[in-house]
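Report on the following structure.
Only heavy atoms go into these numbers, but all of them, side chains included; no hydrogens, no water, no symmetry mates.
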Amino acid sequence: MANLFLGILLLFVLVIAELLYIHFVEKEPIPWREVMFNLNSGHVMTWVCRGLEIAGFDYVVRHLSLGWVGGWPVVAQWVFTLLAWDLCFYWMHRLHHKYPLLWAVHVVHHEGEHFSLSLGIRNSWYSSLTSLPFFVPLAVLGVPTEQFVLIGALHYFVQFYNHNRVVKKSGWLEHVLVTPSHHRVHHASNPEYRDRNCGGTFAMWDRWFGTFQEERGDIEIRYGVAHRTPSDNPVWANNLPVLRHVLRCPAPRLPTWTRRDPTPLPDPLVALGGFVLFGVLIDYIATQATRGGAEEFTLFGILLLGTVAIAGLFEGRRWGSRSWLILAATLAAFTAWAGRTDAALIALTTAFLAHALLTIWWTRRPQAEVVGSGV
């Protein structure tokens, strides 16, 4: 668990560093709304589904495995799993682009309209569940669960790296690995690029199976999808595409519930709260083994509902600022009730509560003061 915590913390630091590069070196505005959705698209639900994926894989290993790979020399096991995992991922990824139901799950990742490291963190709640059938053959062959998890983590880190916008070309690695250049092509909505470069780490699968496409200098890449879910709310973004496919119905009109705040918060101020919430997620993962059932349920609920409240803040909804304050107060009460003494959670709780109070103050500022301040 500690290694996972450090890994997620590293991802967070790299995301921040790239945002600073985008702003100060490339002189581009930071798309705060999208970055915050990428970081807070409901990862606590993704975390649960990932656990179900690993549990399902382990069940097959224990009860339905042929046991072949487990009897090989250790080095052969690791090399086989490294290559076989990536081959399974290639077909999983390619078929998620081909079949409508699988695309309804995967489209959440492609709705991002800015290519950056934070996009590499954005995934559907259900991606692990629809991925499991493609990795079951490894379990049947006898790949140990520990190797499946560790090799998967390595591949996922490479895929996270491939979403960076700093690296343009990678020299000879372009012929061996999936690079940021290759993956930019994959995220393009241009007809020349669509559904290409489905590999995760190694470029050979796309080349062998006819889905490889080099990035062309004469074609400007357009990111995103044609029909994006019209909301920053992760509940809608993760579920509406699936419901539209299952129910065979057009997109419903999304409810708003309440009026807008008279003085909506600036995106960077909302983003600050999003960073705090992602910090709570990191602490949740780091301390999961030390919590009881009631603590686990409470913190899980705060994280899940917090992603919805962040969407409300971005949309300027009154329920957003009010629910954000309620969640901050709940986290403070939870921290005191549970007797948590870890400095990270106390600091995050304090920052959460301070941010929530600031949002309430901001949304209640007189209009004349807002106009006069130039906001």
Decide yes or no on ring-ring contact (aromatic ring centres under 6.0 Å, His included) for H109 and H96, but give the supporting numbers first.
-> CA-CA 11 Å; H109 181 62; H96 272 67; over 10 Å; no
Distance in Å, [X] [atom1] paired with [Y] [atom2], rounded so as to fall on 0.5 Å steps:
X	Y	atom1	atom2	answer
L281	I8	CG	CD1	6.0 Å
D283	L9	CG	CG	11.0 Å
L39	E34	CG	CD	11.0 Å
H43	I282	NE2	CD1	10.5 Å

Using the test ring-ring contact (aromatic ring centres under 6.0 Å, His included), find all partners of F202 that sit at least two apart in sequence or belong to another chain.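 Scan of F202 (ring-ring contact (aromatic ring centres under 6.0 Å, His included), adjacent residues dropped) gives none.
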| task | Could you pull out all residues at least two apart from Y156 that satisfy ring-ring contact (aromatic ring centres under 6.0 Å, His included)? | result |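 Checked Y156 against ring-ring contact (aromatic ring centres under 6.0 Å, His included); matches are W85.
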Practice task
Evaluate the side chain to side chain contact (heavy atoms under 4.5 Å, CB included) criterion for residues F148 and V61: first the C-alpha distance (whole Å), next the side-chain angles of each, then the deciding distance (0.1 Å), finally the verdict.
Solution key: CA-CA 11 Å; F148 169 73; V61 169; over 6 Å; no
Backbone of [Y] reached by a side-chain donor or acceptor of [X] within 3.5 Å:
X	Y	answer
H187	Y223	no
T81	W78	no
N190	E192	no
N164	Y161	yes
N238	S41	yes
N123	T46	no
N197	Q213	yes
Q159	T201	no
T229	S231	no

Within the structure provided, determine whether [X] and [Y] are in side-chain contact (heavy-atom separation under 4.5 Å).
X	Y	result
L313	L269	no
S170	L177	no
P180	N162	yes
T179	V167	no
L277	T307	yes
V308	L304	no
W362	P266	yes
Y284	W47	yes

> Restricting to pairs with a member in residues 332-360, which pass salt bridge (charged side-chain N to carboxylate O under 4.0 Å, His left out), not counting sequence neighbours?
Replying inline: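 Applying salt bridge (charged side-chain N to carboxylate O under 4.0 Å, His left out) to every pair that reaches into residues 332-360, excluding sequence neighbours, yields E295-R340, R340-D342.
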Listed by chain and number, what are the side chain to side chain contact (heavy atoms under 4.5 Å, CB included) partners of [X], not counting sequence neighbours?
X	answer
T363	D261, T263, L265, S321
T349	L331, A332, T335, L345
R94	Y90, W91, C198, F209, T211
E28	I22, E26, R165

Does CZ in R364 sit with more than 12 non-hydrogen atoms of other residues, nucleotides or ligands closer than 6.0 Å?
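Count not over threshold, so no.
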Does atom CH2 of W68 have more than 12 heavy-atom neighbours, drawn from other residues, nucleotides or ligands, at distances under 6.0 Å?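 For W68, atom CH2 is not crowded (no more than 12 foreign heavy atoms under 6.0 Å).
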Please name all residues satisfying salt bridge (Lys or Arg N to Asp or Glu O under 4.0 Å) with [X], sequence neighbours left out, ordered by chain then number.
X	answer
R194	none
E53	R50
D58	R62
E296	R291

Any idea which heavy atoms bring [X] and [Y] closest together, and the distance?
X	Y	answer
F278	N40	N-OD1, 3.7 Å
W236	P241	O-CD, 3.7 Å
A309	S323	CB-OG, 3.6 Å
I310	G273	CD1-C, 4.0 Å
V235	N233	N-OD1, 2.9 Å
P234	W125	O-CZ2, 4.0 Å

Please verify the inter-ring angle class for W324 with H355; under 30° counts as parallel, over 60° as perpendicular, anything in between as tilted.
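The rings of W324 and H355 stand perpendicular, inter-plane angle above 60°.
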Cluster link [X] to [Y], ILVMFWY, side chain under 4.5 Å:
X	Y	answer
L19	V270	yes
L64	F135	yes
L327	F314	yes
V149	F157	no
L14	F275	yes

TODO: Using side chain to side chain contact (heavy atoms under 4.5 Å, CB included) as the criterion, point out the one residue from L138, V136, L52 that pairs with F57.
DONE: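 Checked L138, V136, L52 against F57; only one passes side chain to side chain contact (heavy atoms under 4.5 Å, CB included): L138.
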Return all side-chain donor-acceptor pairs below 3.5 angstrom for residues 99-107, not counting sequence neighbours, or 'none' if the list is empty.
{"from": "H106", "atom 1": "NE2", "to": "H93", "atom 2": "NE2", "distance (Å)": "3.2"}
{"from": "H106", "atom 1": "NE2", "to": "H97", "atom 2": "NE2", "distance (Å)": "3.3"}
{"from": "H106", "atom 1": "NE2", "to": "H110", "atom 2": "NE2", "distance (Å)": "3.1"}

> For residues S118 and S116, is any side-chain donor paired with an opposing acceptor at under 3.5 Å?
Replying inline: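 Side chains of S118 and S116: pair found under 3.5 Å.
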* Salt-bridge criterion met for E113 and R122 (N-O under 4.0 Å) ->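 Here E113 does not pair with R122 in a salt bridge, since their nearest N and O are not under 4.0 Å apart.
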Review point. In terms of side-chain geometry, is the basic nitrogen of D267 or R33 positioned less than 4.0 Å from the acidic oxygen of its partner?
Key: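 So D267 pairs with R33 through a salt bridge.
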| query | Within 45° of the six-membered ring axis of W319 and under 6.0 Å from that ring's centre, is NZ or CZ of R322 located there? | reply |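 No, a cation-pi geometry is absent between R322 and W319.
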* Quick one: which of H182, R184, H183 gives a side-chain hydrogen bond (donor to acceptor under 3.5 Å, both in side chains) with E215? ->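 When H182, R184, H183 are each tested with E215, the side-chain hydrogen bond (donor to acceptor under 3.5 Å, both in side chains) holds only for R184.
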